[in-house]
Amino acid sequence: MANFSKSNVPQFSVEVYQNAFLPEGGREVNAIVTVTSTGGGTTGGIPLAGSGPAYGAGPGAAVVLMVDCSGSMDYPPTKMRNARDATAAAIDTLREGTLFAVVAGTHVAQEVYPGGGRLAVADAHTKVLAKDALRGLSAGGGTAIGTWLRLTDRLLGPADAGIRHGVLLTDGRNEHEAPEDLRAALESCAGRFTCDARGVGTDWEVKEVTGIASALLGTADIVADPSGLADDFTRMMENVMGKEVADVALRLWTPVGVEIRFVKQVAPSVADLTGRRTEAGPRAGDYPTGSWGDESRDYHVCVRVPQAGIGQEMLAARVSLILPDPSGAGTPQTLSQGLVRAVWTDDMAASTSINPQVAHYTGQAELAQVIQQGLEARKSGDFDGATAKLGRAVQLASASGNQDTARLLSKVVDVVDAATGTVRLKAKVAEADEMTLETRSTKTVRVKK
């Protein structure tokens, strides 16, 4: 483990967990990389003394709240009122000095507060004005989420802030723009700001909401009962206010002949970063991780090394945490790094032992996959396939101690024997329960180290 820090700024550490031993002819190397940031959220979101451009902190945070105001938000009428109350609660949670704006989203995007293509500076006065402006929100029109994201990007783009963040609330499907328009908007916004997405009620599309959060390195969740929105928005904004460092990248350098099979975040949720690599010099690539406060995350790195003889060893990969110079002109800063090794041995016990962290997260990734496959099979009428997949999910959730997921699964299947994955599909399942399981399927539990 290596650790690089600077006084009064968040400190990052990298730990690598792996079984470095391979049998003769073995080529696949797996490692779990644990990244921990300390000192980023302990100030309650107040910029740390000494933070500056080198750490991406700028003067603080800029936040845009996107509120669905489409016609369906009027059914029931309490939904719109709950959305207004939740947005007001989020505004109350903003720390003093945070730049912010509110956007109303329908088939077009409109500025609600402060208007004029600007961001307001949060203080007691502007918070009151913003909450007053919320009273004018009413439901009507369609849903074109790409337009909301593009307006948010235009508002956040000029902001002199280290943390740029969006919060998106929707209750329906993105029916008033083509899917390629939303994809293009996400591609345009990726790397420019992070975004948490929430679906309220049960008339929205899980893959749309989770896809938005995934593309913009945020969180996704369901708020089935609109009365829970205010609490959810308060927690979400408290988390954003605890972020201190933005645009941290996981850089993977590999020697000649080494192929990268995949790079995945595996805790606190599963997210495949493999296709999001940007080249960073000879044999090096950067994988985005977004913004950090006081927290720890795990990543699964899998590489394929050249064949070697018994007794040989090599560096399979060097994993570094990189913070780019905000100006783009200077040298990126290395915050911490760790090494992934490969050692060939004829000791059968050593070479066949699976590292506990690798085994655990391989199971968690499979858990997310079989839940999604099982729910798809159920929707398509393949009940035998659904039973098999969801039974495997119950087995994996039980074995790994993922009690939250096990609880969600029990609302979709009757569990006969969790250890063997023997289940029966429930005849009737509440739509909210099915959507909650699908939305939260990628959430994982940490391995007990």
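Keep in mind that the numbers below use all heavy atoms, side chains included, and drop hydrogens, waters and symmetry copies. These numbers come from a predicted model, not from an experiment.
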J.: Between V370 and L396, is there a side-chain heavy-atom distance shorter than 4.5 Å?
T.: yes
J.: Is the NZ or CZ atom of R198 positioned over W204's six-membered ring, under 6.0 angstrom from the centre and within 45° of the axis?
T.: no
J.: Minimum heavy-atom separation for P114 to A120, with atom names?
T.: CG-N, 3.5 Å
J.: Is E434 close to L375 at the side-chain level, that is, under 4.5 Å between some pair of heavy atoms?
T.: yes
J.: Hey, is D221 close enough to R440 for a salt bridge, meaning N to O under 4.0 Å?
T.: yes
J.: Could you report the tightest heavy-atom contact between T352 and M348, atom names first, then the distance?
T.: OG1-O, 2.7 Å
J.: Please list every donor-acceptor pair under 3.5 Å in which a side-chain atom of residues 307-319 meets a protein atom from a residue at least two apart or in another chain.
T.:
residue : atom : partner : partner atom : Å
Q312    : OE1  : G309    : N            : 2.7

J.: Check this for me: does any side-chain nitrogen of one of E295 and K243 sit under 4.0 Å from a carboxylate oxygen of the other?
T.: yes
J.: Can you find a heavy atom in the side chain of L229 that is under 4.5 Å from one in the side chain of D85?
T.: no
J.: Provide the full list of salt bridge (Lys or Arg N to Asp or Glu O under 4.0 Å) pairs with a residue in residues 17-30, sequence neighbours left out, each pair given once.
T.: E28-R261
J.: With a 6.0 Å cut-off on ring centres, are H165 and F193 close enough?
T.: no
J.: Is the shortest side-chain heavy-atom distance between V102 and M66 below 4.5 Å?
T.: no
